[in-house]
Amino acid sequence: MAAADSSLSDNPRTFSRRPSAQASRQAKATKRKHQASSEAPPAKRRNETSFLPAKKTSVKETQRTFKGNTQKTFSPKKHSVSPSDRNQEERPCIKTSSLFKNNPDIPELHRPVVKQVQEEVFTSAAFHELGLHPHLISTINTVLKMSSMTSVQKQSIPVLLEGRDALVRSQTGSGKTLAYCIPVVQSLQAMKSKIQRSDGPYALVLVPTRELALQSFDTVQKLLKPFTWIVPGVLMGGEKRKSEKARLRKGINILISTPGRLVDHIKSTKNIHFSRLRWLVFDEADRILDLGFERDITVILNAVNAECQKRQNVLLSATLTEGVTRLADISLHDPVSISVLDKSHDQLNPKDKAVREVCPPRTGDELDNFAIPESLEQHVTVVPSKLRLVCLAAFILQKCKFEKDQKMVVFFSSCELVEFHYSLFLQTLLSSSGAPASGQLPSASTRLKFLRLHGNMEQEERTAVFQEFSHSRRGVLLCTDVAARGLDLPQVTWIVQYNAPSSPAEYIHRIGRTARIGCHGSSLLILAPSEAEYVNSLASHKINVSEMKMEDILCVLARDDCFKGKRWGAQKSHAVGPQEIRERATVLQTVFEDYVHSSERRVSWAKKALQSFIQAYATYPRELKHIFHVRSLHLGHVAKSFGLRDAPRNLSALTRKKRKAHLKRSRLWKSAGFAAGAQP
Ligand SMILES: Nc1ncnc2c1ncn2[C@@H]1O[C@H](COP(=O)(O)OP(=O)(O)OP(=O)(O)O)[C@@H](O)[C@H]1O
C-alpha cells in the first residue's frame, strides 16, 4: 500500500495553474489509448443542458481493472484548493475538467412502465369488532392511539385468534407487528390458569436485528400495560449474557430475540425451556434466512419441538420469497396464507378480498412481485462514478439544508462505507463551532445533522442512535442494511440508496422505511451509467422508478455561495448557469479531496473505504453480475468518489486476494448446507 501512496500528493493545497508535464504526457498517452470504456452503455443521450461536456472527448483516462492487467493509466490531478483558501484570486484555477470530462455518457433510461402491486392500507373496521378484552381495546385506543384496523390486521387477527398457523404478507409499514402482537396478548391474558412469570416463555418472537427486537419489545410492552402479570423480555447480541441469564431465570413470558443470541442461551443457559410455548413468530422471516440464520433456526426449532408440539406458528414479511416458503414447510402446520390484495385484483374478485388459502398456493412469479406503498415516490438518478460523492452531498444539502424538516436515511453496502462517509460529511459539510476547520465549508448549515448506524458499532451506541433518530424531526442517518428491515422510524421523508441493494426484496425493505402507514415518502436510487440496466431488473419485479436528472440535483449548489467560483463572483445565485454549477461542484469535490489528502492517515482511510466498496461490489448475486461487476468499474473514477485524486495502485491485487478469500468462504458456506448468498 505504501508504494501506491507515493503517487498521491499529501499536500492539500497542491495547486497547478498550468498542466504539468506529467499531465500533458498523460493526455497524449491516453489519447492513443482511447477505447470504448466498459462503463460506456449501449444507448446514449446528449443533453444540451447537461453539465457534462457537450463535445465527446477522444481522450480516455486510464483505468486499472481488477483483472490485474493495467488497461490504461490514470493521471493524478493537481488542481485542488482548500475552501479556506478559496479567495477570489485562486478560484479560476479550479479545473472542472477532472470531474466533468471523460465521463461515460449517461444512458437513456428505457424504463418500462409497469403496474405496481398495491394494497389498501386502512380499513374502516374498528378494533372493538374483534371481541378483544376491553382493557386491550382501550390500550390500543388510548396508549397506541389507534382506532381502525389496517387491512393486514383485519385479515390476520381473526385467523390467529381462531388458533390457526399463518403466513402473512403485506407491504412495508402496514401494521404487521400488531397483526401478531394483538392475538398473542389477547390469547395469553385469557388463559384459564393465570400465567406466572416463572412459567417461562409462552410466546417466542424471532427477529433479524437488535433494533427490531427493541422495537417489537416496546410494542409488546405497551400492549401488556393492563396485564401486568405477563412479563415480556428481549435477548439480543451485544447485551450482557449474564444479566440476560438472570432475567431468564426469573422468567420471561413473551420472549423477543435475535436467533444467534437465543441459540447461545439454548446451548449454555439451564433456565431456558419451552414446555409452555404457545406461539412461535418469525418476523421478517425471509431475512432471518438471508442472514444465514438457517442453522440457528434449526437449533431453535429442535429445542422448541423437543419440549412442545402444539403451538401456533406465524411467519411475516413484506417480501414473501422462496426462503419463507421453505421455512414455512418446516415450521407451519396447515397454515392460512394471508396477503393483502392489489386493487385490480379486488375489482375482479370483489368478494374475495381476504385471501385465505392453504400453503403453498403461490407461483414463483407471484412471489417475486411485491407491493409498494402507493404514497411512495421512487426515483433513480444515473451519475458517473466521479460525480457520485458530490451528487450525494448535493442531494443531502438540497433536502436537509434548504428544505424544512427532512429526515433522510442513506443506505451503503458496508460498515466501512458508512463510517467513511459519516466522518467525511461531518468534517466537511458541517461547521460545528464558528470557525471552520481546514476542509470545512463555512456556510454549512446548522440544520444538518448526521448519524450513523451499522453492525460494527457498540450496542450501546447503536441503541442510542436508533432512539435519537427515531425521536428526531430531521437528520441524515447513514447506515447499512442493518436498518433496512422492520424499523419504524417516524417521519422519514427520503430514502437514498447510494449503493444498490443486492435483491429486489432488499430494495423494497430499504424504501419501506418511508411512506409508512399511509404517509408520504420518497426514495432515490443512485446508479452508475454501467448500472442503468438495474432499472429493468426492478421493472421485472413490478417496481417503477422515475428518473431524476443529475443536473437537477447539482443545481442546489447554486443556492450556496460558498461554492462560488471567481468568474461568477458578482453574479446573483438565481442566474447561475451550467458552467458555474460545474465549477461549484468542483469546489465541493475539492473540499472532499483536500480533506482526504490532508494526511497520509486519511488517504489510507479513504483507500480502505474504496476497497470495502469493491469487496461489497464483488458480492452481488450471480443474477445481477451482468449489471454489477467489478470489471465494469473504472477504478480511477470510483477513487474520486472517495476523495482520492488518483486510483490506488496496488488495490487490484489486494482486492483479488480478498475476493479469493470471499469465494473460499462462499464455498465453505455452501458445503455446510447454506443457500448461496446466505453468508453474513
Ligand atoms: N391500526 C393502526 N392504525 C394506525 N397506525 C397503525 C396501526 N397499526 C400499526 N400502525 C402504525 O404503523 C406503523 C407501521 O407498523 P409496523 O411497524 O407494524 O409495520 P410493518 O408492516 O411491520 O412494516 P415492515 O414490513 O417495514 O416491518 C407503526 O408506527 C405502527 O404504530
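Along the sequence shown, residues are numbered consecutively beginning with 1. Atoms considered below: every heavy atom in the structure, side chains included; atoms not considered: hydrogens, waters and symmetry mates. All ligand and atom numbering here is 1-based and tracks the order in the structure.
Backbone and side-chain nitrogen or oxygen atoms of Thr172 are examined, and none is located within less than 3.5 angstrom of a nitrogen or oxygen of ligand 1. For Thr177, a nitrogen or oxygen atom sits less than 3.5 Å from a nitrogen or oxygen atom of ligand 1, counting backbone and side chain alike. Between Gln153 and ligand 1, a contact under 3.5 Å exists for at least one N or O pair. In terms of N/O distances under 3.5 Å, ligand 1 is approached by Gly175.
Taking each of His509, Arg516, Arg287 in turn, the one with a heavy atom nearest to atom 26 (O) of ligand 1 proves to be Arg516. Of the candidates Lys176, Glu284, Lys222, Lys176 brings a heavy atom nearest to atom 21 (O) of ligand 1. Heavy-atom proximity to atom 1 (N) of ligand 1, evaluated over Ser148, Ser170, Ala126, Ser147, is greatest for Ser148.
Here is the list of ligand 1 atoms found below 4.0 Å of a heavy atom in Gln171: 21 (O). Counting atoms of ligand 1 from 1 in the listed order, those under 4.0 Å from a heavy atom of Ser174 are 19 (O), 20 (P), 21 (O). Close contacts between ligand 1 and Thr150 involve ligand atoms 1 (N), 2 (C), 7 (C), 8 (N) [criterion: under 4.0 Å to a heavy atom].
Under a 4.0 angstrom heavy-atom cut-off, Arg485 registers as lying outside contact with ligand 1. Residue contact check for ligand 1: Pro490 places no non-hydrogen atom closer than 4.0 Å to it. Distances from ligand 1 to the non-hydrogen atoms of Arg513 include at least one value under 4.0 Å.
Tyr507 has its side chain within reach of Ser523: a pair of non-hydrogen atoms, C-beta onward, lies under 4.5 Å apart.
In terms of protein heavy atoms, atom 23 (O) of ligand 1 is closest to Gly173 N, 2.8 Å.
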